[in-house]
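See below for the structure under consideration.
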Amino acid sequence: MIPGEFEYYAPTSVQEAVSLLQQHGEDAKVLAGGHSLIPLLKLRLASPPVLVDIGRIQELKGIRRQNGAVTIGALATHADIEFSEDLRGVFPLMHDTATVIGDPMVRNLGTFGGALAHADPAGDWPAVALALNATMRLTGPNGERTVAADDFFVDLLTSAVEPGEVLTAVEIPVPQGKYGTSYQKFSHPASGYAVVGVAALVQMGADGACQDCRVAITGAGPKATRATATEDALKGQQLTEELIAQAAEQAGNGMDFLGDIFASESYRAHLVKVFTKRALLGAMQAAQ
Ligand SMILES: Cc1cc2nc3c(=O)[nH]c(=O)nc-3n(C[C@H](O)[C@H](O)[C@H](O)COP(=O)(O)OP(=O)(O)OC[C@H]3O[C@@H](n4cnc5c(N)ncnc54)[C@H](O)[C@@H]3O)c2cc1C
């Protein structure tokens, strides 16, 4: 299918991109890796009259570790993340997640920032961003602002990125002391997207108890969501397989489950518990 006509701009700085977005208002859409937007254009599910391609903006690229945090440029591709040794050293789940996204072509072109801004309910990175307590950096006509991952995923295909804004980078704090991470995904056999995906971070205190943990679910509902009842059941406790299994039973409590021809609401609700347990066990083992 052939997309409708659009004006195409390729700015080379964030400021230039923001002023183009401001100039064209609601007509304009950011284009990054194009692996979500281009299919929508081809199917004519979206027909923005103006595309602002941010792919040439160098300041949006790269992965840096400094001051106790990792900063990932919005244009870092899934493959950049997959092959970043720095990132693999601190957050093995980022490598593991990147390897289960689509196929090599999707991973070579699709971007971290694009996947987060798009807020696909079956996307993998939103769960990881929530579990790792990421902070999104945005630049718009009124300057820069930051949004915590907890406030970033608003609804189905809706993130906190406002018209006229560019997501520039994502900052992830590296936890102190002993911690482990894990991402476990039940992939759709045809598309590779997450039917259910669960990301977990477990942080151990000096006494060996779970000092903190964050668990986030994608694929199951309209947006990626934290499993706070599960987290609360584990904080301050000495973790055992049995305790984790009990806590995982509370994952998805109160969630508005999606259902489709491949996986019903009740099947997704079941998968959430199973994959929460697996992700927590993986994170606990990594922390130990
Ligand atoms: C065959 C196939 C399989 C896939 N499998 C998976 C999978 O298993 N898991 C998964 O998570 N994803 C999967 N994807 C999606 C893929 O990861 C996309 O690359 C990603 O969702 C969007 O990133 P992008 O850079 O391609 O964004 P684009 O398609 O360019 O943009 C997507 C949306 O985000 C906006 N946007 C992009 N970047 C920014 C920015 N920096 N600031 C503000 N707004 C921005 C755009 O305006 C647009 O609305 C798959 C895609 C395909 C085609």
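Just so it is clear, the structure is predicted and the values come from calculations on it, not from any experiment. Whatever order the structure lists them in is the order used to number ligands and atoms, beginning at 1.
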Nonpolar side-chain network containing Tyr8, other nodes, edges under 4.5 Å: Phe6, Leu31, Leu37, Ile38, Leu41, Leu51
Find out if a path of hydrophobic residues (ILVMFWY) with successive side-chain heavy-atom gaps under 4.5 Å connects Ile81 to Leu75. no
So which protein residues pack against ligand 1 under 4.0 Å, heavy atoms counted? Lys29, Val30, Leu31, Ala32, Gly33, Gly34, His35, Ser36, Leu37, Ile54, Ala74, His78, Val100, Ile101, Gly102, Val106, Gly110, Thr111, Gly114, Ala115, Ala117, His118, Gly123, Asp124, Val161, Glu165, Val166, Leu167, Lys185, Ser191, Gly192, Tyr193
In the hydrophobic clustering (ILVMFWY, side-chain contacts below 4.5 Å, transitive), which residues join Leu280, or is it alone? Phe186, Val195, Val196, Val198, Val202, Met204, Val215, Ile217, Leu234, Leu239, Leu243, Ile244, Met255, Phe257, Phe262, Tyr267, Leu271, Val272, Val274, Phe275, Leu281, Met284
What do you reckon, is NZ of Lys277 surrounded by more than 12 foreign heavy atoms closer than 6.0 Å? no
Check Asp260 with Arg268, please: is the shortest side-chain N to carboxylate O separation under 4.0 Å? yes
For Asp103, which residues count as a side chain to side chain contact (heavy atoms under 4.5 Å, CB included) partner, sequence neighbours excluded? Met105, Val106
